[in-house]
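All heavy atoms count here, side chains included; hydrogens, waters and symmetry mates do not.
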Amino acid sequence: MSHDAEHDRVKQAIRRYIIAFANDHIGCRFHMAELTYYVSRYVPTAPDSAGRILRALRQDGVIDYRLVSRRDSEYEIVKPEPKQLALVE
């Protein structure tokens with residue numbers, strides 16, 4: 001498998017786990033460290049991969065969240081798509 005293909009595979013896996021985390025935390029506050037830990041249990045990640053991909057998912061309209069506290073790195077998943085968030089293949 002080429003480096004680019006492996007990178008894409010890992011990125012898609014991280015996206016799936018972030019979406020799963022978001023589905024389980026709709027309306028709940030969480031710290032970025034919790035999301036990072038959750039994802040890293042399933043996929044080897046760089047330290048800010050989960051945060052970077054979370055922001056990309058928001059920009060793509062897949063997940064909506066609000067920053068509760070920048071200092072504490074605390075977030076809240078505030079609005080799913082009309083139906084529950086779909087896992088991205």
Visitor: When hydrophobic residues are tied together by side-chain contacts of less than 4.5 Å, even through go-betweens, does Val39 share a cluster with Tyr42?
Guide: yes
Visitor: Side chain to side chain contact (heavy atoms under 4.5 Å, CB included) for Ile63 and Leu54? Distances and angles first, verdict last.
Guide: CA-CA 8 Å; Ile63 293 174; Leu54 175 69; 4.2 Å; yes
Visitor: Taking CZ in Arg70 as the centre, count heavy atoms belonging to other residues, nucleotides or ligands within less than 6.0 Å. Is the count above 12?
Guide: no
Visitor: Which heavy atom of Ser49 sits nearest to which heavy atom of Ile14, and what is that distance?
Guide: CB-CD1, 4.1 Å
Visitor: Identify the two heavy atoms, one from Tyr37 and one from Ser40, that lie closest to each other, and give their separation to 0.1 Å.
Guide: O-OG, 3.0 Å
Visitor: Drop me the distance from Leu57's CG to Ile19's CD1, to the nearest 0.5 angstrom.
Guide: 5.0 Å
Visitor: Heavy atoms only: give me the nearest Val10-Pro44 pair and the separation to one decimal.
Guide: CG1-O, 3.9 Å
Visitor: What's the spacing between Lys11 NZ and Thr45 OG1 if we round to 0.5 Å?
Guide: 14.5 Å
Visitor: So, is the end of the Arg58 side chain (NZ or CZ) under 6.0 Å from the ring centre of Tyr65 and within 45° of the ring's axis?
Guide: yes
Visitor: Count the heavy atoms of every other residue, nucleotide or ligand shown that sit under 6.0 Å from CD of Gln59, and state whether that count exceeds 12.
Guide: no
Visitor: Rounded at 0.5 Å granularity, tell me how far CG in Leu67 sits from CD in Glu74.
Guide: 9.0 Å
Visitor: Using a 4.5 Å cut-off on heavy atoms from C-beta on, say whether the side chain of Asp48 contacts that of Arg55.
Guide: yes
Visitor: If you look only at distance, which donor and acceptor atoms sit under 3.5 Å apart when one is on a side chain in residues 25-35 and the other is two or more places apart or in another chain?
Guide:
residue, atom, partner, partner atom, Å
His25, ND1, Phe21, O, 2.7
His31, ND1, Glu34, OE2, 3.3
Glu34, OE2, His31, N, 2.7

Visitor: Tell me, please, which residues at least two apart from Arg52 pass salt bridge (Lys or Arg N to Asp or Glu O under 4.0 Å).
Guide: none
